[in-house]
There are 2 protein chains.
Amino acid sequence: MLEEGYPSVTSRRVAARAGLKPQLVHYYFRTMDDLFLALFRRGAELGLQRWAAALEAGQPLWALWDLSRDPRGTALTMEFTALGNHRKEIRAEIGAASARYRTVLFEGIRAAFERYGVDQERYPPMICSVLMTSLSTFLVLESEMLGLTAGHDETVALVEDFIRQLEGERRHPPEGVPSA
Amino acid sequence: MLEEGYPSVTSRRVAARAGLKPQLVHYYFRTMDDLFLALFRRGAELGLQRWAAALEAGQPLWALWDLSRDPRGTALTMEFTALGNHRKEIRAEIGAASARYRTVLFEGIRAAFERYGVDQERYPPMICSVLMTSLSTFLVLESEMLGLTAGHDETVALVEDFIRQLEGERRHPPEGVPSA
DNA sequence: GTCTATACTTCGATAGAC
DNA sequence: GTCTATCGAAGTATAGAC
């Protein structure tokens with residue numbers, strides 16, 4: 001799916017990679033939509049658990065920022081979004097999952113700001129969560145899918161300077177984020 | 001392409017909508033990739049002209065902001081990006097076009113900031129252009145494709161307050177931006 | 001569960017008449 | 001330019017034997 005896009009995920013190719021016959025795919029999932037739905041649900045659940053765990057860590061802001069910058073998650077989300085664009089059931093599922101992620105992020109930022117004594121009038125957690133999500137999504141999109149990196153480093157530095165002021169130096173290296 | 005995604009754009013359906021036979025599509029474009037490439041080039045060129053024109057207007061920041069928030073442009077870009085994900089020729093074309101858009105935006109912001117006497121150490125035009133593009137892209141993506149709008153209004157207000165301080169009230173209503 | 005067999009659809013692309 | 005005719009490939013999905 002990541003390599004060739006969702007249209008390339010066909011019952012025949014799925015079966016081939018599993019070393020089985022295409023008909024078995026239909027035996028287990030009936031339709032391809034069911035398969036995509038199951039795939040998405042599993043991935044979303046897994047990711048959400050990771051995000052929840054990040055909040056328990058000693059540096060929640062670093063953890064959330066690094067997680068949201070993981071290219072694999074973003075690339076898959078984009079692919080599913082494109083797929084969901086004309087499958088309303090899948091689209092609804094993605095919408096629901098995105099809303100849950102957003103809530104986790106918002107609550108995480110709000111709690112962290114509270115703990116660090118950040119002025120929440122000046123830095124509203126909701127706006128911060130939107131900016132953080134949009135920026136991380138876009139950076140991955142542009143660099144991974146288009147090969148453009150103009151201005152990325154400076155913008156990343158801006159965010160990370162802010163986090164550094166609150167949580168100090170990052171103690172756990174990010175996963176999957178190149179050159180960070 | 002916007003309604004059902006790029007995989008639904010087939011020679012047969014293109015021909016049907018043009019009231020012609022599918023073979024004529026191949027006569028004019030040979031392959032479907034050629035068709036997509038031609039389509040993208042025309043759209044990119046058209047959009048770029050609009051952006052360039054926006055810089056000449058009396059309120060370049062408002063114009064750039066409103067243009068970048070036009071859902072149609074973003075949705076098409078996303079669709080082409082997904083398509084380009086497994087057609088390297090198209091991917092390169094999108095990358096080149098995106099770089100040009102970014103340059104126009106950056107230069108526009110830089111010139112405007114200079115004119116308005118903005119402290120460019122405090123508000124680096126390159127970072128502003130990245131933030132602006134990422135935010136507008138993401139807002140469209142989330143609201144149009146997933147139906148999520150949590151935190152959108154507040155974040156938009158933040159940006160528009162900033163622009164308002166520099167250029168005053170918006171004098172030309174935006175095109176295609178819902179509820180703005 | 002896993003297989004064979006198969007029906008049906010849609011696609012990209014080419015050849016050749018007019 | 002536009003058409004008819006056509007090929008071969010790939011897709012989703014079902015029925016039924018083992």
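All chains are named by letter (A, B, ...) in the order of the sequence lines, taking the proteins before the strands, and each is independently numbered beginning at 1.
Dashed line: the shortest gap from a side-chain N or O of A:His26 to OP1 or OP2 of D:dA13 is under 4.0 Å.
The side chain of B:Leu20 sits closest to D:dC3 out of C:dT6, D:dC3, C:dG12. Of the listed nucleotides (D:dA15, C:dT2, D:dG11), C:dT2 has the atom at the smallest distance from the side chain of A:Leu24. Side chain of B:Met32, nearest nucleotide from D:dT14, C:dC11, C:dA13: C:dA13. Here the side chain of B:Thr31 is nearest to one of C:dA13, D:dT4, C:dC11, namely C:dA13. Comparing C:dG12, C:dT14, D:dG11 by their closest approach to the side chain of B:Thr10 singles out C:dG12. Side chain of B:Gln23, nearest nucleotide from D:dA10, C:dA15, D:dA15: C:dA15.
When heavy atoms are screened at a 4.0 angstrom cut-off, A:Tyr28 is found touching the sugar-phosphate backbone but no base atom. B:Arg30 comes within 4.0 angstrom of the backbone, heavy atoms only, and of no base.
The distance from atom CZ of A:Phe36 to atom C1' of D:dT12 is 12 Å, rounded to the nearest whole Å. Taking atom CZ of residue B:Arg12 and atom P of nucleotide D:dT6, one finds them 14 Å apart after rounding to whole Å. In this structure, B:Lys21 atom NZ and C:dC18 atom C1' are separated by 16 Å, rounded to whole Å. Atom CZ in A:Arg13 sits roughly 10 Å away from atom P in D:dA10 (whole-Å rounding). At whole-Å resolution of the value, CZ in A:Phe29 and P in D:dT12 are 14 Å apart.
With hydrogens and angles ignored, the 3.5 Å screen pairs a side-chain donor or acceptor of B:Glu167 with a backbone N or O of B:Trp62.
With salt bridges taken as basic N to acidic carboxylate O contacts below 4.0 Å, none links B:Glu144 and B:Arg72. Ion pair A:Asp66/A:Arg69 not flagged as a salt bridge, since none of the NZ, NE, NH1 or NH2 atoms sits closer than 4.0 Å to an Asp/Glu carboxylate oxygen. In summary, B:Glu45 and B:Arg41 do not engage in a salt bridge, as defined by a charged side-chain N under 4.0 Å from a carboxylate O.
If A:Ser8 and A:Tyr27 are placed on DNA chain D by their nearest nucleotide, the residue sitting closer to the 5' end is A:Ser8.
The distance between the ring centers of A:Tyr123 and A:Phe162 falls below 6.0 angstrom.
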